[in-house]
**Student:** 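One structure coming up, written as structure tokens, with questions to follow.
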Amino acid sequence: LSAADMAPIQGLQGLDGLRPSFLGIDPRLVQSDYDARLGDTDRRRLSADGDEPLVWLALLRVEGERVLADLRSPVVINPRRMVGLQVVTADSPYSTHHVLVG
């Protein structure tokens with residue numbers, strides 16, 4: 001979900017079950033040199049062709065006065081299929097607690 005008055009933050013809402021919702025941001029807006037890769041298995045799970053554009057979102061959370069971004073475990077979405085998954089990489093150089101505000 002995108003709205004001009006929320007930009008650059010986007011809403012992410014599940015379609016099944018309890019319909020969980022999250023706030024996210026393009027990780028490249030948080031860290032300009034952000035570089036994460038999607039493996040072949042995850043690309044197949046998303047039914048994404050090799051050059052198909054995907055949406056990457058770092059999930060946001062609020063802890064008191066701070067807003068934190070999880071750059072280590074982004075959510076990747078295939079907008080053509082409206083399917084997404086969270087990519088968890090143990091050896092990622094990025095933090096799960098990147099401070100945006102606070």
Side-chain angles (χ1 to χ4, degrees):
L1 306 170
S2 296
D5 59 339
M6 284 180 48
I9 296 172
Q10 297 186 34
L12 178 63
Q13 182 172 353
L15 300 176
D16 297 328
L18 299 175
R19 298 175 60 106
S21 59
F22 306 92
L23 294 176
I25 189 168
D26 183 335
R28 294 169 299 181
L29 296 175
V30 175
Q31 188 163 330
S32 61
D33 62 346
Y34 187 83
D35 183 32
R37 308 283 178 194
L38 193 62
D40 292 338
T41 300
D42 287 335
R43 193 166 278 284
R44 281 192 299 276
R45 290 176 61 199
L46 292 171
S47 298
D49 297 332
D51 60 347
E52 187 164 7
L54 301 172
V55 175
W56 289 70
L57 293 175
L59 297 183
L60 302 176
R61 69 181 180 282
V62 177
E63 291 182 358
E65 298 292 319
R66 299 186 319 159
V67 177
L68 306 167
D70 180 354
L71 298 179
R72 180 176 294 210
S73 309
V75 172
V76 184
I77 301 166
N78 180 339
R80 178 180 54 85
R81 294 206 48 243
M82 295 303 290
V83 174
L85 58 88
Q86 188 170 25
V87 180
V88 180
T89 308
D91 62 350
S92 170
Y94 302 108
S95 171
T96 60
H97 297 76
H98 184 91
V99 178
L100 296 180
V101 176

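None of the values given here were measured: they were computed from a predicted structure.
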**Student:** Within the side chain of Arg28, is there an N or O that forms a donor-acceptor pair under 3.5 Å with the backbone of Trp56?
**Tutor:** no
**Student:** For Arg81, which residues count as a salt bridge (charged side-chain N to carboxylate O under 4.0 Å, His left out) partner, sequence neighbours excluded?
**Tutor:** none
**Student:** Any non-hydrogen side-chain atom of Leu12 less than 4.5 Å from a side-chain atom of Leu59?
**Tutor:** yes
**Student:** Counting only heavy atoms not in Asp49, do more than 12 fall under 6.0 Å of its CG?
**Tutor:**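 Atom CG in Asp49 is crowded, with more than 12 foreign heavy atoms closer than 6.0 Å.
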**Student:** Do Val83 and Leu54 sit in one hydrophobic cluster, given that two such residues count as connected whenever their side-chain heavy atoms are within less than 4.5 Å of each other, even indirectly?
**Tutor:**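 Yes; Leu54 is reachable from Val83 via cluster members.
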**Student:** Check whether any side-chain N or O of Arg61 sits under 3.5 Å from a backbone N or O of Ala69 as a donor-acceptor pair, and report yes or no.
**Tutor:** no
**Student:** Do Leu46 and Glu52 have side chains that get closer than 4.5 Å, going by heavy atoms?
**Tutor:**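 No, side chains not in contact.
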**Student:** Answer whether the closest heavy-atom distance between the side chains of Tyr34 and Pro74 falls below 4.5 Å.
**Tutor:**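 In short, these two side chains touch, coming nearer than 4.5 Å.
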**Student:** What closest approach, in Å, do Leu29 and Pro8 show between heavy atoms, and which atom pair accounts for it?
**Tutor:**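 It is CD1-CB, 3.6 Å.
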**Student:** Treating Asp70 as the side-chain partner and Arg72 as the backbone partner, does any N or O pair qualify as donor plus acceptor under 3.5 Å?
**Tutor:**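 Between the backbone of Arg72 and the side chain of Asp70 there is a qualifying donor-acceptor contact (under 3.5 Å).
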**Student:** Between Arg45 and Asp42, is there a side-chain N and carboxylate O pair less than 4.0 Å apart?
**Tutor:** yes
**Student:** State the CG-CD distance between Asp26 and Gln10, to the nearest 0.5 angstrom.
**Tutor:** 7.5 Å
**Student:** Which distance, rounded to the nearest 0.5 Å, do you find between the CD1 of Ile9 and the CG of Leu100?
**Tutor:** 8.0 Å
**Student:** State the CD-CD1 distance between Gln86 and Ile77, to the nearest 0.5 angstrom.
**Tutor:** 11.0 Å
**Student:** Could you measure the distance from the CG atom of Leu38 to the CG atom of Leu85? Nearest 0.5 Å is fine.
**Tutor:**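 Spacing of CG (Leu38) from CG (Leu85) equals 6.5 Å.
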**Student:** Output the distance between atom CG (Leu71) and atom OG1 (Thr89), rounded to the nearest 0.5 Å.
**Tutor:**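 Output value for this atom pair is 12.0 Å.
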**Student:** Any link between Tyr94 and Ile25 through a network of hydrophobic side chains (Ile, Leu, Val, Met, Phe, Trp, Tyr) touching at under 4.5 Å?
**Tutor:** yes
**Student:** Following the transitive rule for hydrophobic clusters with a side-chain heavy-atom cut-off under 4.5 Å over Ile, Leu, Val, Met, Phe, Trp and Tyr, establish whether Val87 and Leu57 coincide in one cluster.
**Tutor:** no
**Student:** Which residues pass the salt bridge (charged side-chain N to carboxylate O under 4.0 Å, His left out) test with Asp35, not counting sequence neighbours?
**Tutor:** Arg37
**Student:** Show the nearest heavy-atom pair for residues Pro79 and Val55, with the distance to one decimal.
**Tutor:**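 So the minimum-distance heavy-atom pair works out to CG-CG2, 4.1 Å.
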**Student:** Within this structure, what is the OG-CZ distance for the pair Ser47 and Arg80, rounded to the nearest 0.5 Å?
**Tutor:**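 So the gap between those two atoms works out to 7.0 Å.
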